[in-house]
Protein chains: 2
Amino acid sequence: MQITRETDYAIRCVYYLAGKPDEVTMVDEISKEMCIPKSFLAKILQKLSRAKIVRSYRGVKGGFRLAKRPENISIDDVIKATEGPVAMNICAIDKKQCGFSDRCKIHPVWVSLRKDVEGILKNKKFSQFIA
Amino acid sequence: MQITRETDYAIRCVYYLAGKPDEVTMVDEISKEMCIPKSFLAKILQKLSRAKIVRSYRGVKGGFRLAKRPENISIDDVIKATEGPVAMNICAIDKKQCGFSDRCKIHPVWVSLRKDVEGILKNKKFSQFIA
DNA sequence: CATAACAGGATAGATTTTATCCGATAGAGA
DNA sequence: TCTCTATCGGATAAAATCTATCCTGTTATG
Ligand code: SF4
Ligand code: SF4
């Protein structure tokens, strides 16, 4: 029912980077400022990087920077990057995941709820959270 | 992000019982009809019983029956009984669960989303699902 | 009082979560 | 070019949670 710590960290991390979208920031700084275990954060940033939410810079003076403007990154994007699509039940993503779905009257509840929640989270852009 | 199998089973189980709200049904029957492992279901029914969603009858001719009318049982009630309050993040239930919540601009998103989702699920009564 | 059916506690395998570590790689600057 | 720094990516693992089963005890029926 809940997002994982990993995803929460990811959101906090993007939130921090959104505060200085033009600077390259080291893992170590984000880790300290946002209270996220450094080695774990490094792994999370790799996922965000593959999802094109952040860009990485290696070597001396390296670090991370948002790959897009904060107004073009939603909370939903970050969740997708770390733990896949939002859904409150397996059948909301893929009906076939449940052998019971053909006979199931509850199924549409999850499909519709997913649509609602996804819609809300897609509308939460990081530009809204900057201090 | 997702409800557990246990909760899905619980919902299916209440759904089945809602189809015959005045009969006492054995675990074995629910198990077979709804494709739920019997011993697991027995445990789940204990939780539903403690939550006053079903009533149990012991001894010969025993089994389970809804403790209320289907129109007075919501999906939210069942989720609460098996895995506690609906929330997409720890801080949506209790701000203090996260040491970062005082400084956190994302926090209100989860509080508001929780309210929305809870509202939707509270409105899904089992009377709506009867065939 | 024999039997049927639930109650509740103990247990355990599988999976997921939450990390950590290390060798490899790439870039900046001397 | 050489060195230093910071990320990359894979391996690893402890802890927590999920999923499920079993067994003993209790209760009610006929
Ligand atoms: S809601 Fe119905 S279709 Fe979806 S997982 Fe549960 S039983 Fe299957
Ligand atoms: S959203 Fe903010 S307050 Fe909530 S858990 Fe994450 S960091 Fe903490």
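Protein chains get the first letters and strands the later ones, always in sequence-line order, with residue 1 at the start of each.
A residue-by-residue look at A/Ala42 and B/Thr4 shows that A/Ala42 has its nearest nucleotide of DNA chain D further toward the 5' end.
The separation between A/Tyr9 atom OH and C/dA19 atom P is 4 Å, rounded to whole Å. We find that CG of A/Leu45 is positioned 14 Å from C1' of D/dG9, with the value rounded to whole Å. The OH atom of B/Tyr57 sits 13 Å away from the C1' atom of D/dA28 (whole-angstrom rounding). Rounded to whole Å, atom P of D/dT19 lies 10 Å from atom NZ of B/Lys47. Distance B/Glu6 CD to D/dT21 P: 13 Å, rounded to the nearest Å. With rounding to whole Å, B/Arg58 atom CZ is found 12 Å from D/dT29 atom P. Distance B/Arg55 CZ to D/dT27 C1': 13 Å, rounded to the nearest Å. For the pair B/Gln2 CD and C/dT17 C1', the interatomic distance rounds to 15 Å; values are reported in whole Å.
Two different hydrophobic clusters hold A/Ile120 and B/Val111 under the rule that ILVMFWY side chains link at heavy-atom gaps under 4.5 Å.
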### Task
Take A/Ile93 and B/Gln2, measure what side chain to side chain contact (heavy atoms under 4.5 Å, CB included) needs, and give me the verdict at the end.
CA-CA 11 Å; A/Ile93 300 167; B/Gln2 282 176 26; 3.8 Å; yes
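If you take CD on A/Gln128 and CD1 on A/Ile75, they are separated by 8.0 Å, rounding to the nearest 0.5 Å. Considering CD1 of A/Ile44 and OG of A/Ser31, their distance stands at 10.0 Å, rounded to 0.5 Å.
Listed in residue order, the members of residues 20-41 of chain B having a heavy atom less than 4.0 Å from DNA chain C are B/Met26, B/Val27. Against DNA chain D, the stretch residues 82-103 of chain A makes no heavy-atom approach under 4.0 Å.
One N or O donor and one acceptor, one from the side chain of A/Lys43 and one from the base of D/dG10, sit under 3.5 Å apart. Below the 3.5 angstrom threshold, one finds no donor paired with an acceptor across the side chain of A/Lys61 and the base of C/dG27. The base of D/dT19 is not paired with the side chain of B/Arg5 by any donor and acceptor separated by under 3.5 Å.
Using modelled atom types, one finds no donor on one side chain facing an acceptor on the other under 3.5 Å when comparing B/Glu6 with B/Thr82.
The side-chain heavy atoms of B/Phe64 and B/Arg55, taken from C-beta on, include no pair separated by under 4.5 Å.
Taking every side-chain heavy atom of B/Val60 into account, C/dA4 is the closest of D/dT5, D/dC8, C/dA4.
Among the atoms of the strands shown, only primed sugar atoms or phosphate atoms (P, OP1, OP2) are found under 4.0 Å from some heavy atom of B/Arg50.
A salt bridge (charged side-chain N to carboxylate O under 4.0 Å, His left out) with A/Lys122 is found for exactly one of A/Asp116, A/Asp77, A/Asp76, namely A/Asp76.
Here the two rings, on B/Tyr15 and B/Phe126, have centers that are 6.0 Å apart or farther.
Listed pair A/Ser56 / D/dC8 meets the phosphate criterion, a side-chain N or O lying under 4.0 Å from OP1 or OP2.
For B/Asp28, the salt bridge (charged side-chain N to carboxylate O under 4.0 Å, His left out) partners two or more places apart in sequence, or in a different chain, are B/Lys32, B/Lys38.
Within a 6.0 Å sphere centred on NZ of B/Lys52, other residues, nucleotides and ligands contribute 12 heavy atoms or fewer.
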